[in-house]
Amino acid sequence: MIKKVIIEMSTTELDRLSIMQKIVDKKLKQREGARLLNLSKRQMIRLVKVFRREGAAGLVSKQRGRTSNRQYSAEFKDKTVALIHAHYPDFGPTLAMEKLLKRHEVSISDETARQWMIGEGLWTPHRRRNVVVHQQRERRPCLGELVQIDGSPHDWFEGRAEKCCLLVFIDDATSRLLHLRFEPTETTAGYFHSVHAFVRQHGTPVAFYSDRHGIFRINAPNAVDDAQTQFGRAMETLNIEIICANSPQAKGRVEKVNRTLQDRLVKELRLMKINDIEAANAFLPEFIIDFNQRFAVEPANATDAHRPCKLSDEALKEILCYHTNRKLSKNLELSYDNLIYQVKTQGEGYGLRRAQVSVHEHLDGQVSLHYKGRKLNYTTYKKQKRTAAIISAKDLNQKVEDILKYDGRVTGHKPKIGHPWHQYERTKLAAKQAVIE
């Protein structure tokens, strides 16, 4: 019986048993035992009396095996688990607890929700895995010094609509979401829309930190050093530096928030019954406020590094669009996107002949022409389309041969006998025979 009691005792109770035995055997005084066990004098006297009366069993806690007074009732647990089954079967414990509190006024801890969901088979504990340790980079001290940007393609509507891409702008100093926008795909036009809204709301940051996508830098091996993408040219005009990360781990803050959004935002869109990009973009400002209240941190320096943008909407629109250079003809015409643009001038327009003109194609499809900072008036003409020729069956083969010669795909052509190529072959053969002889 004594051995069974000792097996059931905790480490603390076993330490007490050893001290009590020495006190009963007159090998240790009670005040020394109290000091060793970090107990008061009165508590030590009480424990000694219990030990002499009941032995080792008297040192075992009387609460062991009893139900906690703070335990949730079976009815409450069944009700909560039923709500999780009905509404949040694929939610994580933390998010499920938040929704239970917000939507059903049911308050439980994260760990309680986790244990109940594990018991019901709704949540599988994450296995510990070998983690590759990356050197941690200290956050920037001020809001707006470094904004990490990235596109996150995902099935955001869980099959209720086509897959799309979420453009994410997150501050490095505070982990604050500064802008979100859904786009069908990750494109330059999508980033132009996002930067326009970002600048109007926050101002211009010091730098954007991105991956090496072709939107942000030219990745061709033979590209010149000063070559720029459309996005890079626009950011240079706005005095925003673009910094490209060498690896996904280097921009870990935006990569981490992408994973969080793919869990939380997907479920929020489902609960709000949002099934298209327009409605989702209208919901995002509300989501950003709630997200930042939960996860944003205070910056080391309270200074806001965003610079106010004093450009008008028209000027900002001219920067955040596609720029292409074209050369005017003698008739002050240029060709762009299968249209002919003719510049209209009040005078003769001699100064514009052969001039380099910047063509601005705006995000709404409008086109404007610019020369030395001023906007040019123009009229457009459609290019004349060729009418398909009518060919008889006898001339069909010759027509196809002519087409092949025109676009360079003709094969099997043999030069005439007197062509220099034949002379080269004869000379080469004669040289070989001379060496042999």
Side-chain angles (χ1 to χ4, degrees), residues 165 167 181-200 204 214-218 220 223-224 226-240 242 277-278 281 309-391 399 402-403 405-408:
C165 183
L167 305 183
R181 180 182 177 87
F182 281 110
E183 287 286 335
T185 55
E186 187 176 8
T187 61
T188 301
Y191 278 104
F192 279 161
H193 281 296
S194 294
V195 171
H196 190 283
F198 181 97
V199 168
R200 280 290 171 246
T204 56
I215 293 173
F216 310 113
R217 71 188 299 269
I218 296 177
V224 295
D226 59 348
Q228 286 183 319
T229 63
Q230 292 285 346
F231 187 81
R233 182 265 316 154
M235 295 305 102
E236 183 181 35
T237 307
L238 293 174
N239 196 21
I240 301 174
I242 298 180
I277 288 180
E278 291 75 15
N281 282 331
C309 181
K310 299 180 180 180
L311 295 172
S312 64
D313 284 338
E314 185 66 24
L316 193 58
K317 178 183 175 182
E318 294 293 346
I319 295 172
L320 297 173
C321 64
Y322 296 96
H323 289 197
T324 307
N325 292 329
R326 288 288 190 273
K327 189 175 183 179
L328 290 176
S329 67
K330 292 189 300 182
N331 296 328
L332 306 185
E333 293 178 347
L334 61 88
S335 177
Y336 181 78
D337 196 19
N338 208 31
L339 286 176
I340 294 176
Y341 293 79
Q342 186 174 47
V343 176
K344 298 169 61 178
T345 60
Q346 293 180 352
E348 297 294 333
Y350 292 114
L352 288 175
R353 291 182 176 182
R354 309 297 184 184
Q356 288 286 343
V357 176
S358 179
V359 182
H360 296 187
E361 182 179 352
H362 301 284
L363 302 180
D364 57 4
Q366 296 182 1
V367 175
S368 59
L369 307 182
H370 296 259
Y371 176 70
K372 292 185 178 181
R374 63 188 179 95
K375 201 171 182 179
L376 303 176
N377 295 324
Y378 64 86
T379 56
T380 59
Y381 304 94
K382 290 185 179 181
K383 287 187 176 181
Q384 189 72 27
K385 293 184 179 181
R386 295 181 179 179
T387 304
I390 301 174
I391 302 295
K399 180 64 176 178
D402 294 340
I403 294 172
K405 289 179 182 179
Y406 178 77
D407 66 4

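Since the structure is predicted, the reported quantities are computational estimates derived from the model, not experimental observations. Basis for what follows: all heavy atoms, side chains included, without hydrogens, waters or symmetry-related copies. Positions are given from 1 along the sequence.
Taking the salt bridge (Lys or Arg N to Asp or Glu O under 4.0 Å) definition, one finds that Arg233 meets it with nothing, sequence neighbours left out. Residues meeting the side chain to side chain donor-acceptor pair (under 3.5 Å) test with Thr380, sequence neighbours left out: none. Residues passing the ring pair (Phe, Tyr, Trp, His ring centres under 6.0 Å) test with Phe216, sequence neighbours excluded: Tyr191, Phe231. Legend: residues meeting ring pair (Phe, Tyr, Trp, His ring centres under 6.0 Å) with His370, ordered by chain and number and at least two apart, are His360. With sequence neighbours left out, the side-chain contact (heavy atoms from CB on, under 4.5 Å) criterion links Leu363 to Ala189, Phe192, His193, Tyr322. Partners of Lys327 according to the side-chain contact (heavy atoms from CB on, under 4.5 Å) rule, which considers only residues two or more places apart in sequence or in another chain, are Arg354, Gln356. In this view, Arg200 and Asp313 satisfy the side chain to side chain donor-acceptor pair (under 3.5 Å) rule, not counting sequence neighbours. Every salt bridge (Lys or Arg N to Asp or Glu O under 4.0 Å) that Arg181 has, sequence neighbours left out, goes to Glu183. Among residues two or more places apart in sequence or in another chain, the side chain to side chain donor-acceptor pair (under 3.5 Å) test is passed with Tyr336 by Glu361. Legend: residues meeting ring pair (Phe, Tyr, Trp, His ring centres under 6.0 Å) with Phe182, ordered by chain and number and at least two apart, are Trp156, Phe157. Residues passing the side chain to side chain donor-acceptor pair (under 3.5 Å) test with Asn239: none are found, sequence neighbours excluded. With sequence neighbours excluded, the residues that form a side-chain contact (heavy atoms from CB on, under 4.5 Å) with Ala197 are His179.
Annotation: side chain of Val195 is in contact with side chain of Met235 (closest heavy-atom distance under 4.5 Å). Residues Val357 and Lys372 are not in side-chain contact: their nearest non-hydrogen atoms beyond the backbone lie 4.5 Å or more apart. Counting only heavy atoms from C-beta outward, the side chains of Thr229 and Thr188 never approach each other to under 4.5 Å. Using a 4.5 Å cut-off on side-chain heavy atoms (C-beta onward), Val343 and Asn377 make no contact. Contact of the Val367 side chain with the Tyr378 side chain is registered, since non-hydrogen atoms from C-beta on lie closer than 4.5 Å.
Here Leu339 contributes atom CG and Thr379 contributes atom OG1; the two are 11.0 Å apart, rounded to the nearest 0.5 Å. Taken from OG in Ser329 to CG in Leu334, the straight-line distance is 8.0 Å, to the nearest 0.5 Å. Considering OG of Ser368 and NZ of Lys317, their distance stands at 8.0 Å, rounded to 0.5 Å. In this structure, the separation between CG on Asn331 and CZ on Arg353 is 7.5 Å, given to the nearest 0.5 Å. For the atom pair CD (Glu333) and CG (Leu328), the distance works out to 9.5 Å, reported to the nearest 0.5 Å. Taken to the nearest 0.5 Å, the NZ atom of Lys310 stands 15.0 Å off from the CG atom of Leu316.
Not one N or O on the side chain of Gln342 forms a donor-acceptor pair closer than 3.5 Å with the backbone of Leu332. The closest donor-acceptor contact from the side chain of Thr185 to the backbone of Thr187 lies at 3.5 Å or more, if one exists at all.
When all heavy atoms of Cys321 and Gln230 are compared, the pair lying nearest together is O-OE1, 3.8 Å. Closest of all the heavy-atom pairs between Leu167 and Ser194 is CD1-OG, 3.5 Å. Here the closest heavy-atom approach between residue Ala234 and residue Leu320 is recorded as CB-CD2, 4.0 Å. When all heavy atoms of Thr204 and Cys309 are compared, the closest pair comes out as CG2-CB, 4.4 Å. When all heavy atoms of Asp364 and Gln366 are compared, the pair lying nearest together is OD1-N, 3.2 Å. Minimum interatomic distance between Ala227 and Ile218 (heavy atoms only, all atoms of both residues): CB-CD1, 3.4 Å.
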| query | Step by step, would you call His362 with Glu318 a side chain to side chain contact (heavy atoms under 4.5 Å, CB included)? | reply | CA-CA 7 Å; His362 301 284; Glu318 294 293 346; 3.1 Å; yes

| said: Could you go through Leu238 and Leu311, starting from their C-alpha distance and side-chain angles, then the distance that decides it, and tell me whether this counts as side chain to side chain contact (heavy atoms under 4.5 Å, CB included)? | reply: CA-CA 10 Å; Leu238 293 174; Leu311 295 172; 3.8 Å; yes

